[in-house]
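Since the structure comes first, as C-alpha cells, the remarks are kept for the end.
Start at 1 with the first residue, then count along the sequence. Quick note: numbers below take in every heavy atom, side chains included, and nothing from hydrogens, waters or symmetry partners.
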Amino acid sequence: MRIGVLGTGNMADALATHWARAGHEVTIGGRDAGRAARLAARVGGGARPAGLRTAAGSGQDVVLAALPFGAGEEVVRELRAALAGTVLLDCSNPVGEGFRLLTGGGPSAAQRLAAAAPGARVVKAFNLCHEDVWRMRPPVFGGRPLAVPLCGDDETALARVRELVRDVGCEPLAGGGLERAGLLEATAALFISLWVGEGADAQAIAPPLAYAAGEAAGVRTA
C-alpha cells in the first residue's frame, strides 16, 4: 500500500517503521522539512519526506493522522480536498491535564476528523497504548499478540487498516462503527489514569473471557 503519514512525532515513527519494513511505500509529511527528512531516514525502507499536502495526496491508500488532538482537526480541515476518498487513520487521544477526556459529551476526536474532511473514510485504531508498545517487534505478551480494536463505518477502509494492524504484529478486533470511537478514547483516558496516575495494572479490572458474562461453571450471579 501507499501510506501517507501526517506528523513527525513518536507515533508516526513507531507505526511507519513497521509499515516500511512490511514493504509499504511510506511518505512522511510534516510542516518542518528537516524533521520529516530525519524521520524518513530513521524509518528507512525507502520512506520519503514530503510536505503535509503531498503526504495526504490522492495517490495514498491510507493516511495516518499522527497528530495531537486539536491540531489534527485543523490540519485535516486544511487538507480535506486531498483526503477525499482516502482512508484516514486516527490514533489520537483527547486526554488533557488530570487525565481528563477533552471531548466531554461532544463528538469524539475521530468524528471531528470525519467532519473536518467529510470525503475521507475515517478509522480509529492504535490509541490504547504508549508509542513504545508499538515499537516492539512484535507486541506480544505472554505469547499472545496484542489485540487492536478498530472503529469505522467503511468496510474497505477497515480491511486496509486490519492489514496494517497485522503488519505491526497485532490482531485486529472489531470495535463497531465510528460512533463508538469515543468509547476507545474514553477507555484510553481511564487506562492512562490507572497506569500513570495510580501505577495500577489496568488489565486487572477485567475478568477472564470465560467469566465476563457470568457463564463459566461455578460462577455465582447476584
Side-chain angles (χ1 to χ4, degrees), residues 5-18 29-32 35 39 52 63-79 88-117 120 122-136 139 141-142 146-153 161 164-165 168 170 172-209 211-212:
V5 177
L6 307 180
T8 56
N10 290 327
M11 285 295 287
D13 187 350
L15 294 173
T17 298
H18 282 287
R31 295 194 191 277
D32 185 319
R35 289 191 64 178
L39 178 54
L52 290 170
V63 173
L64 170 68
L67 299 161
F69 173 66
E73 187 177 356
E74 177 184 338
V75 169
V76 164
R77 184 175 292 108
E78 293 175 2
L79 301 174
L88 182 60
L89 175 54
D90 174 36
C91 64
S92 69
N93 276 321
V95 180
E97 186 177 353
F99 314 109
R100 181 171 59 91
L101 188 65
L102 299 176
T103 51
S108 67
Q111 288 174 311
R112 294 175 193 222
L113 291 191
V122 177
V123 176
K124 185 81 184 190
F126 294 110
N127 73 303
L128 291 183
C129 297
H130 189 274
E131 61 263 15
D132 284 348
V133 172
W134 304 125
R135 294 184 198 277
M136 296 175 66
F141 301 92
L146 187 69
V148 178
L150 284 65
C151 291
D153 296 329
V161 177
L164 296 181
V165 168
V168 174
C170 299
L173 184 66
L178 196 65
E179 78 279 356
R180 292 174 63 86
L183 298 179
L184 284 185
E185 295 168 6
T187 299
L190 173 63
F191 280 11
I192 292 168
S193 70
L194 291 172
W195 286 325
V196 179
E198 303 295 332
D201 181 0
Q203 288 186 319
I205 69 176
L209 178 61
Y211 291 80

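Applying the 6.0 Å contact sphere to CD1 of I205 captures more than 12 heavy atoms from other residues, nucleotides or ligands.
For the pair V122 and A110, the tightest heavy-atom approach, listed with the atom from each and the gap, is CG1-O, 3.8 Å. Heavy-atom minimum distance, G175 versus C151: O-SG, 3.5 Å. Across all non-hydrogen atoms, the minimal contact from C91 to A66 is SG-CA, 4.1 Å. L102 and G96 make their closest contact through CG-N, 3.6 Å (heavy atoms, listed as atom of the first residue, atom of the second, distance). Listed here is the closest heavy atom pair of A16 and V5: CB-CG2, 4.2 Å. Here the closest heavy-atom approach between residue A12 and residue L39 is recorded as CB-CD2, 4.0 Å.
Between F141 and M136 there is a side-chain heavy-atom pair separated by less than 4.5 Å. With contacts defined as side-chain heavy-atom distances shorter than 4.5 Å, the pair K124/S92 qualifies. Within the 4.5 Å cutoff, side-chain heavy atoms of L146 are placed close to those of W134.
For the pair R135 and E131, the salt-bridge criterion is not met [side-chain N within less than 4.0 Å of a carboxylate O]. Under 4.0 Å is where a charged nitrogen must lie from a carboxylate oxygen, and between E185 and R112 no such pair does.
Once rounded to the nearest 0.5 Å, the distance linking CZ of R77 with CD of E73 reads 4.5 Å. Atom CG in L52 sits 7.5 Å away from atom CG in L67 (nearest 0.5 Å). With rounding to the nearest 0.5 Å, the separation of CZ in F126 from CG in L150 is 7.0 Å. Rounded to the nearest 0.5 Å, atoms SG (C129) and CD1 (I192) are 10.0 Å apart. For the atom pair CG (L64) and CG (L6), the distance works out to 7.5 Å, reported to the nearest 0.5 Å. One finds the NE2 atom of H130 at 9.5 Å from the CE atom of M11 (value rounded to the nearest 0.5 Å).
When atom types are taken as modelled, the side chain of N127 and the backbone of L184 share a donor-acceptor pair closer than 3.5 angstrom. H18 contributes no side-chain N or O that, together with a main-chain N or O of V165, makes up a donor-acceptor pair within less than 3.5 Å.
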Could you go step by step and tell me if R31 and T8 meet the side chain to side chain contact (heavy atoms under 4.5 Å, CB included) rule? CA-CA 9 Å; R31 295 194 191 277; T8 56; over 6 Å; no
